[in-house]
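These notes concern the structure reproduced below.
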Amino acid sequence: MISQKKLLHEVSGWLKVFEDGSTDRTWTGPSEVQFMVEPVQPHEEFINGVATRDVVVDKDSGLQVRIYLPEIKPRDEIKLPIILHFHGGGFCISRADWYMYYHMYTNLARSAKAIFVSVYLRLAPEHRLPAAIDDGWSALLWLRSLAQGDSYEPWLVDHADFNRVILLGDSTGGNIVHELAARAGKVDLNHMRLTGGILIHPGFVRSTRSRSELEQPESPMLTLDMVDKFLSLALPVGSSKDHPITCPMGSGAPDLVTLKLPPFLLCVAEMDMIVDTEIEYYEAMKKAEKDVELLISPGVAHSFYLNKIAIEMDPQTASQTEILISRITEFINKH
C-alpha cells in the first residue's frame, strides 16, 4: 500500500504544506490564470526594449537576482537609477521570474528608464522570517560592493547610478522595503545612496480584523485565508500579526520617529482587504513627520496591476494600472 503524506495546510490554490515539512506550490486554481505564475526565461537580447539576466549575488547561499535593463542608445551616457525589487506572495509563494512580475517590471523599466534588480527571496515555511528580509539586505550589500568596485556585474557597473537606489516592493515585498530602509538608515552605505522607497499594497495588518478585512470582497490576489495562513507560516514561531514586520505602526515596532528613512511612495487600492491598516501606516508615518506620498487607486483591489487578464478585460483596472506606472515613474524621476 502506498502511504500518502498528511496534508497540514492548503492555501487558496497556492500552497500545500505537509506533515513531513515538504511543500507543493503547484497552482491548483483556474487554469486560465496559470500563465501568470509560469517562469519567464531570461533573455540578454532586447525584447520590446528590455533585456534580462539572472545573476548569483552570493555564492555561499546561492542567492540570485533578476536584472531588467532598458535599451540604451549607444551615444547616451546617462547613468540609470537602480530599483531593488522584492516580490510579494505573503513570504510563502512567488518568484522573481514569474510572468506577472516580468510583464509589470519590463513595462516599468521602459517607462522609468531604470534598471530593475529583482531578488529571488527564500520562502516560508521552509525559511521563516527574517530570511526574506536578510536576502533583501544581502542584495543591497551586493549593490554596495559593486559601487565600491569590490564586485563586478557589467550591466550595473556600466549603466547604473549607484547614488540613486530606490527600494520597491509588491504586497509583502513592501514590508521588506520598510525593514530594509530602516536598517540602511543605521549604517554607512559608502559609495551608494538610498534615495527612496516604493511600497505597493504592503502587507501591513494587525492581529485583530480591520473593517476593510471584514467588509471588502476577496480577490484572486488576496483572500482572508491567504492573509491568515501565509503569515502564520512565515512569521517567527510564536509571533502574531502584531509583529513589527507586519505591523510597523504598532506598539511592538520601533518608534517611527526614531527611524532614518528616505522619501516613500505608498500605493494603496481602494478595494484592498487590508487598505485600512495600510492607511493606518500612512497616518503613523505622517505623524512621525516622515516624507511619504500616498496614491490611492479607486475601484480596484490588491495587486490589481499584476493581473494581466483584468488589465485586458476591465477598463478601470487598465486605467488605474497606467496611472500607477505613471506615478511610480514620476517618483523615480524625482528621486
Side-chain angles (χ1 to χ4, degrees), residues 9 11-15 29 88-94 129 169-179 197-235 238-257 259 261 264-290 292-307 310 314 316-317 319-321 323-324 327:
H9 305 284
V11 190
S12 299
W14 292 100
L15 173 68
F91 305 111
C92 290
I93 60 167
S94 213
L129 293 168
D170 307 282
S171 191
T172 46
N175 302 51
I176 298 175
V177 169
H178 177 91
E179 290 291 318
I198 302 169
L199 302 83
I200 313 177
H201 311 168
F204 296 148
V205 293
R206 287 188 178 274
S207 57
T208 54
R209 291 271 191 240
S210 66
R211 183 172 179 176
S212 59
E213 283 180 290
L214 294 171
E215 295 183 357
Q216 291 288 8
E218 296 186 331
S219 74
M221 296 294 193
L222 191 67
T223 65
L224 287 178
D225 188 45
M226 292 166 71
V227 172
D228 293 344
K229 289 183 179 176
F230 280 161
L231 295 185
S232 71
L233 293 168
L235 287 165
S239 300
S240 74
K241 293 178 194 168
D242 295 320
H243 190 282
I245 294 173
T246 44
C247 191
M249 63 288 189
S251 59
D255 188 342
L256 294 174
V257 173
L259 302 181
L261 300 172
F264 276 3
L265 171 63
L266 173 64
C267 308
V268 304
E270 181 187 28
M271 298 178 67
D272 195 333
M273 292 175 59
I274 56 175
V275 66
D276 284 359
T277 33
E278 293 169 337
I279 293 296
E280 184 186 349
Y281 170 80
Y282 171 74
E283 292 172 346
M285 288 280 282
K286 296 298 284 188
K287 185 177 179 181
E289 299 184 345
K290 300 304 178 186
V292 54
E293 300 175 34
L294 178 65
L295 170 65
I296 300 177
S297 301
V300 285
H302 192 81
S303 296
F304 66 89
Y305 58 96
L306 296 177
N307 187 340
D314 176 43
Q316 178 70 2
T317 301
S319 66
Q320 289 306 313
T321 299
I323 292 169
L324 178 67
R327 279 295 301 275

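Values in this document were obtained by computation on a predicted structure and should not be read as measured data.
For the atom pair CD1 (I274) and CZ (R206), the distance works out to 13.5 Å, reported to the nearest 0.5 Å. Distance check, rounded to the nearest 0.5 Å: CE of M221 to CG of N307 gives 4.5 Å. To the nearest 0.5 Å, atoms CG (L235) and SG (C247) are separated by 11.0 Å. Summarising the geometry, atom CD belonging to E278 is positioned 9.5 Å from atom CG belonging to L294; distances are rounded to the nearest 0.5 Å. For the atom pair CG of L324 and CD1 of I200, the computed distance is 5.5 Å after rounding to the nearest 0.5 Å. Of the inter-residue distances, the one linking I93 atom CD1 with F230 atom CZ reads 4.0 Å to the nearest 0.5 angstrom.
In terms of modelled atom types and a separation under 3.5 Å, the side chain of S171 and the main chain of G89 share no donor-acceptor contact. S240 contributes a side-chain N or O that, together with a main-chain N or O of D242, makes up a donor-acceptor pair within less than 3.5 Å. Looking at S212, its side chain does come within 3.5 Å of a backbone N or O of D276 through a donor-acceptor pair.
Using a 4.5 Å heavy-atom threshold, the side chains of K241 and V227 count as touching. Residues D170 and Y305 meet the side-chain proximity criterion, which asks for heavy atoms closer than 4.5 Å. In this structure the side chain of M273 never reaches within 4.5 angstrom of the side chain of S219, judged on heavy atoms. At least one side-chain heavy atom of L199 sits less than 4.5 Å from a side-chain heavy atom of F204. Proximity of I279 to E283: side-chain heavy atoms (C-beta onward) are separated by under 4.5 Å at one or more points. In this structure, the side chains of V292 and Y281 stay at 4.5 Å or more apart for every pair of heavy atoms. No side-chain heavy atom of F304 sits under 4.5 Å from any side-chain heavy atom of D314. In this structure, the side chains of E213 and L224 come closer than 4.5 Å at one or more pairs of heavy atoms.
Across all their heavy atoms, M271 and P217 have their closest contact at CE-CG, 4.1 Å. Shown here for C92 and A234, the closest heavy-atom pair between the two residues is SG-CB, 4.2 Å. Between L231 and G90, the shortest heavy-atom contact is CD2-O, 4.5 Å. Between A310 and T317, the closest heavy-atom pair is O-CB, 3.7 Å. Smallest separation of non-hydrogen atoms from T223 and S12: OG1-OG, 2.9 Å. Closest approach of I198 to V177, counting heavy atoms only: O-CG2, 3.9 Å.
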query: Please walk me through it: do S210 and T277 pass side chain to side chain donor-acceptor pair (under 3.5 Å)?
result: CA-CA 7 Å; S210 66; T277 33; 4.7 Å; no

- prompt: Between H9 and L15, does a side chain to side chain contact (heavy atoms under 4.5 Å, CB included) hold up when you go through it step by step?
  reply: CA-CA 8 Å; H9 305 284; L15 173 68; over 6 Å; no

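Test K287, K286, E289, M285 against L256 for side chain to side chain contact (heavy atoms under 4.5 Å, CB included) and you get one pass: M285.
Of the charged side-chain nitrogens involved, at least one lies within less than 4.0 Å of a carboxylate oxygen, so that D228 and R209 count as a salt-bridged pair.
Using cut-offs of 30° and 60° on the angle between ring planes, the pair H302 and H201 is tilted.
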